[in-house]
Amino acid sequence: MKKRVLCYGDSNTWGFNAMNENVYGQRFPEEVRWTGRLQTLLGENWTVIEEGLCGRTTVFEDPLREGLNGLQYLEPCLATHNPLDYLILMLGTNDCKARFSALPKNIADGLGRLIVKAKQACVWRDQPQILVIAPPPIRKGNDTSEIGRDMGVCSEKSAMLSKEYRLWAEAEGCIFLDAASVAGMNDYDFMHMDDVSHERLAESIAGILKADLLEKE
């Protein structure tokens with residue numbers, strides 16, 4: 001029976017390509033996105049489900065764009081892809097926007113609500129298996145860049161998420177990955193991964209999932 005993995009994230013799961021100047025095609029191809037690479041690395045005995053949305057937050061309502069609250073969509077998303085063996089959560093980059101006025105701990109607590117909600121969902125084949133990923137930090141260049149006009153100054157806050165996420169992962173018995181250990185944001189808009197980082201992240205996740213499955217066999 002194939003293992004089913006749901007990848008729930010924002011534009012870095014959707015595959016936003018900041019280096020592509022064509023605004024109607026700013027997305028890496030499937031085979032480049034970390035989700036697509038993960039499918040290839042895991043092989044035919046796994047099904048990797050991509051659920052990325054540009055601008056998605058953990059729990060915050062964006063006053064400028066509708067439908068981006070990750071908590072509100074999580075339950076129907078989980079139900080849509082029932083049954084599941086693993087859930088990968090990689091959110092928090094958008095929560096750093098100045099308009100949300102959220103501290104790193106506030107953002108992590110939002111992620112914590114997603115973890116708790118997911119664990120309670122009736123979608124698991126066995127016990128809930130959740131991989132919490134702290135996204136690569138937003139780089140300081142963003143603070144004074146063109147996109148910084150929308151984001152605000154948020155690089156320092158972003159860099160502090162990993163510590164807070166790890167605490168939640170440990171408290172809830174989740175697997176944890178600090179994406180900064182294998183990937184980083186690009187040199188163009190400072191808040192999206194390039195193709196190399198997508199590849200490295202996929203390789204790291206594949207290793208984690210395979211090792212976890214082997215440990216349970």
Side-chain angles (χ1 to χ4, degrees), residues 3-14 34-35 38 47-63 65-97 99-137 154 157-181 201 204-205 208-209 211-213 215-216:
K3 296 295 181 182
R4 292 172 57 80
V5 185
L6 175 62
C7 307
Y8 195 68
D10 52 30
S11 55
N12 275 306
T13 297
W14 185 80
W34 69 263
T35 48
L38 180 62
T47 297
V48 176
I49 304 160
E50 180 184 81
E51 277 284 356
L53 175 65
C54 295
R56 177 178 281 150
T57 67
T58 57
V59 300
F60 297 107
E61 292 287 348
D62 194 321
R65 296 174 60 193
E66 296 180 14
L68 301 181
N69 184 325
L71 182 66
Q72 289 191 352
Y73 181 61
L74 181 62
E75 188 168 350
C77 181
L78 293 171
T80 297
H81 300 296
N82 181 8
L84 293 173
D85 297 287
Y86 289 91
L87 169 64
I88 299 175
L89 293 174
M90 189 170 75
L91 287 168
T93 299
N94 293 297
D95 302 53
C96 294
K97 291 175 179 176
R99 61 178 173 268
F100 296 126
S101 301
L103 299 171
K105 185 181 185 303
N106 303 149
I107 297 171
D109 287 347
L111 184 84
R113 292 191 66 190
L114 296 178
I115 294 172
V116 172
K117 193 176 190 70
K119 289 174 69 175
Q120 295 172 343
C122 298
V123 299
W124 301 99
R125 279 196 177 125
D126 195 0
Q127 296 299 312
Q129 300 294 329
I130 301 175
L131 170 57
V132 172
I133 301 180
C154 52
K157 182 187 303 183
S158 176
M160 299 172 68
L161 293 183
S162 177
K163 176 182 176 181
E164 299 289 350
Y165 278 26
R166 184 186 296 273
L167 293 174
W168 263 104
E170 291 175 349
E172 292 294 328
C174 301
I175 309 168
F176 175 75
L177 172 63
D178 182 0
S181 66
L201 182 61
S204 183
I205 295 172
I208 289 171
L209 295 183
D212 185 71
L213 185 61
E215 183 179 320
K216 290 176 171 56

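Checked against side-chain contact (heavy atoms from CB on, under 4.5 Å), R125 has the following partners two or more places apart in sequence or in another chain: M1, R4, P83, D85. Judged as a side-chain hydrogen bond (donor to acceptor under 3.5 Å, both in side chains), and not counting sequence neighbours, the contacts of E172 are K119. For T35, the side-chain hydrogen bond (donor to acceptor under 3.5 Å, both in side chains) criterion is met by E50, not counting sequence neighbours. For F176, there are no ring-ring contact (aromatic ring centres under 6.0 Å, His included) partners at least two apart in sequence or on another chain. Applying the side-chain hydrogen bond (donor to acceptor under 3.5 Å, both in side chains) criterion to Q72, with sequence neighbours excluded, gives E61. Judged as a side-chain hydrogen bond (donor to acceptor under 3.5 Å, both in side chains), and not counting sequence neighbours, K163 has no contacts.
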Step by step, work out the side-chain contact (heavy atoms from CB on, under 4.5 Å) result for I130 and I175.
CA-CA 6 Å; I130 301 175; I175 309 168; over 6 Å; no

Just do the side chain to side chain donor-acceptor pair (under 3.5 Å) check on Y86 and D212 with the steps written out, would you?
CA-CA 10 Å; Y86 289 91; D212 185 71; 2.6 Å; yes

Check the pair W14, L53 against side-chain contact (heavy atoms from CB on, under 4.5 Å), reporting the backbone distance first and the verdict last.
CA-CA 6 Å; W14 185 80; L53 175 65; over 6 Å; no

Run W168 and D109 through side chain to side chain donor-acceptor pair (under 3.5 Å) and show every step you take.
CA-CA 8 Å; W168 263 104; D109 287 347; 2.9 Å; yes

Using side-chain contact (heavy atoms from CB on, under 4.5 Å), reason through L71 and T58 one step at a time and then give a plain yes or no.
CA-CA 6 Å; L71 182 66; T58 57; over 6 Å; no

side-chain contact (heavy atoms from CB on, under 4.5 Å) evaluation trace for W34 with I88:
CA-CA 12 Å; W34 69 263; I88 299 175; 4.1 Å; yes

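At a threshold of 4.5 Å between non-hydrogen side-chain atoms, the residues L103 and I107 do not count as touching. Using a 4.5 Å heavy-atom cutoff, the side chains of I115 and C174 are in contact. Side-chain contact check for T57 versus L91: every heavy-atom pair is 4.5 Å or farther apart. Using a 4.5 Å cut-off on side-chain heavy atoms (C-beta onward), I133 and L89 make no contact.
To the nearest 0.5 Å, the span separating OG1 on T47 from CG on L6 amounts to 12.0 Å. Here the CG-CG distance, from L111 to N106, works out to 13.0 Å after rounding to the nearest 0.5 Å.
With S181 contributing its side chain and D178 its backbone, the two residues share a donor-acceptor pair below 3.5 Å. At distances below 3.5 Å, not a single donor-acceptor pair connects side-chain atoms of S158 with backbone N or O atoms of C154. A donor-acceptor contact shorter than 3.5 Å is absent between the side chain of R56 and the backbone of G70.
Between K157 and D95, none of the side-chain N atoms (NZ, or NE/NH1/NH2) sits under 4.0 Å from a carboxylate O, so this pair counts as no salt bridge.
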